[in-house]
Amino acid sequence: MTKKSIANVDVANKTVFVRVDFNVPLDDAGNITDDRRIQMALPTINSVLDRGGKIILASHLGRPKDAPDPKYTMKPTAVRLAELLKKPVEFATDTVGPDAKAKVAGLKDGGILVLENLRFQPGEKNGDDAFARELAAFADIYVNDAFGTCHRTDASMYAVPKAMGAKPKVCGFLVEKEIKYLSSAIANPQRPFVAIIGGKKVSDKIMVIKNLLGICDKVLIGGAMAYTFSLAKGEKVGNSLVEQDKVDLAKELLAFGGDKLVLPADTHCSDKFAADGNKKIVKSGEVPDGFEGLDIGPETAKLYADIVLGAKTVVWNGPMGVSEMPPFDAGTKAVAEAVAKSGSVSIIGGGDSAAAIQHLGFADKVSHVSTGGGASLEMLEGKKFAAVDVLDNA
Ligand code: AMP
């Protein structure tokens, strides 16, 4: 079911509540280290402003414990947004308290207000209706543009749009775009359709791998999770990171996937988790005692790159090795390069693979880099989001 877009709502002179995902990474001094999530919300924000609406932006940031915590204030995001828009942005020092109420009441057409962190209120994580009604009362229109939070039913994601009653509740441009790419990749892929799944834990991605095995032509496995599969085949993994309790699940996936599930042929291992250890390239399943696998080996990198180069649709989530520690970024780099060159419809999941593709300079050569780690995984698992379901149909 297609959901109504903010593009199709008259916003002139209206107050528009936009649930954004400004959950940006901060350094120890509280500086934003990557503002991509703010940048990605600009199309929705500008569209409302250009059409004479006023905007209230609300988000969570980090994991405060249901109470104000200066470490997680939204203030730096309001400052950054003002720089990006080259316009003043107001900031409320509370979420539904006196400062927020006064600043909402004082908003002028074309004005922008960022509320303090939603998670400073216990009602946000509890999905509390009374808290939701207070937020809903601020606005004439509700917009969900927080893709990174769409797999959750926190108050601002679900109870607030419900509390809007007959008032419009619609998708923002970012949510629209994310859903378009992620759902059409699954529903209607151009073939060959190749998925690359890496990262640390097989447990996080079991359901994704299972769902993709039912849809894709090949599922390539990399990262530490490959060693749990190796173990399931009774092979030697040395000190590699494995999940002993997931070996049976890995066995099931191996049986279910057959030759669609492709495991590394070789591995780059080291006698310590550091760039300067003694390093070796060995056949998969032959990691010597005292060594741990930290990346796919060159033979695998070539094999995976060749498969990717022949693909028409690629979905990628999770690095092929410890990509933040060269030289163990080589496998991830080779795969990123192949994705960029393949000319396929390519969708990169959030989190580490999104960071890797950006860091390697390939972000503009892929079709879509998702802003949502958990949310993009759940879409690839084939799950439906209650927070999107609750919005008006187109
Ligand atoms: P994930 O959050 O599941 O996507 O996993 C990303 C993390 O997995 C990154 O921090 C990588 O450093 C880590 N990782 C990938 N491969 C390995 C490996 N072979 N050994 C240890 N950590 C790994």
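We count ligands from 1, going down the list as the structure has it; atoms in each ligand are counted the same way. Counting from 1, the numbers follow the sequence of the chain as shown. On a predicted model such as this, the values are computed, not experimentally measured, just so you know.
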Specify the protein heavy atom at minimum distance from [atom]: its residue, its atom name, and the distance to 0.1 Å.
{"atom": "atom 6 (C) of ligand 1", "result": "D352 OD2, 3.1 Å"}
{"atom": "atom 9 (C) of ligand 1", "result": "E324 OE2, 3.6 Å"}
{"atom": "atom 16 (N) of ligand 1", "result": "A224 N, 3.2 Å"}
{"atom": "atom 4 (O) of ligand 1", "result": "K205 NZ, 3.0 Å"}
{"atom": "atom 14 (N) of ligand 1", "result": "G321 O, 4.0 Å"}
{"atom": "atom 23 (C) of ligand 1", "result": "V322 CG2, 3.6 Å"}

Considering only heavy atoms of [X], which atoms of ligand 1 have at least one such atom less than 4.0 Å away?
{"X": "G223", "result": "16 (N)"}
{"X": "L294", "result": "19 (N), 20 (N)"}
{"X": "G293", "result": "18 (C), 19 (N), 20 (N)"}
{"X": "Y227", "result": "19 (N)"}

Task: Electrostatic pair K302:D306 at N-O distance under 4.0 angstrom - done: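 Yes, charged N to carboxylate O under 4.0 Å.
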
Task: Salt-bridge present (R19, E124; N to O < 4.0 Å) - done: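 A salt bridge links R19 with E124.
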
Task: D99 and T93: CA distance, side-chain angles, deciding distance, side-chain hydrogen bond (donor to acceptor under 3.5 Å, both in side chains) verdict - done: CA-CA 6 Å; D99 195 44; T93 55; 3.1 Å; yes

Task: Identity of the nearest option to atom 1 (P) of ligand 1, non-hydrogen atoms only, from M325, K200, E292, H268 - done: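 The nearest heavy atom belongs to K200.
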
- [ ] Could you say whether the N/O atoms of S323 and ligand 1 ever approach to under 3.5 Å?
- [x]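 No: no nitrogen or oxygen of S323 is under 3.5 Å from one in ligand 1.
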
Task: Sole residue of V194, V219, L261, I196 in side chain to side chain contact (heavy atoms under 4.5 Å, CB included) with L212 - done: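 Of the listed options, the one satisfying the test is V219.
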
Open item on the list: Name the residue from V308, I357, L220, I347 that meets the side chain to side chain contact (heavy atoms under 4.5 Å, CB included) definition with W316.
Closed with: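 Of V308, I357, L220, I347, side chain to side chain contact (heavy atoms under 4.5 Å, CB included) with W316 is met by I357 alone.
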
Task: Location of contacts on F328 toward ligand 1, heavy atoms closer than 4.0 Å - done: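 None of F328 does.
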
Open item on the list: I'd like to know if M379 and L377 are part of one continuous hydrophobic network [Ile/Leu/Val/Met/Phe/Trp/Tyr, side-chain heavy atoms within less than 4.5 Å].
Closed with: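 Yes, it is one cluster - the side chains of L377 and M379 are joined through contacts under 4.5 Å.
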
Task: Same apolar cluster (I L V M F W Y, side chains within < 4.5 Å links), L294/V242 - done: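 L294 and V242: separate clusters.
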
Task: Polar side chain donor-acceptor pair, S376 to E178, under 3.5 angstrom - done: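 Judged by distance alone, the side chains do not pair up.
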
Open item on the list: Side chains of N46 and D50: any donor to acceptor distance under 3.5 Å?
Closed with: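 Looking only at side-chain atoms, N46 and D50 do not form any donor-acceptor pair under 3.5 Å.
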
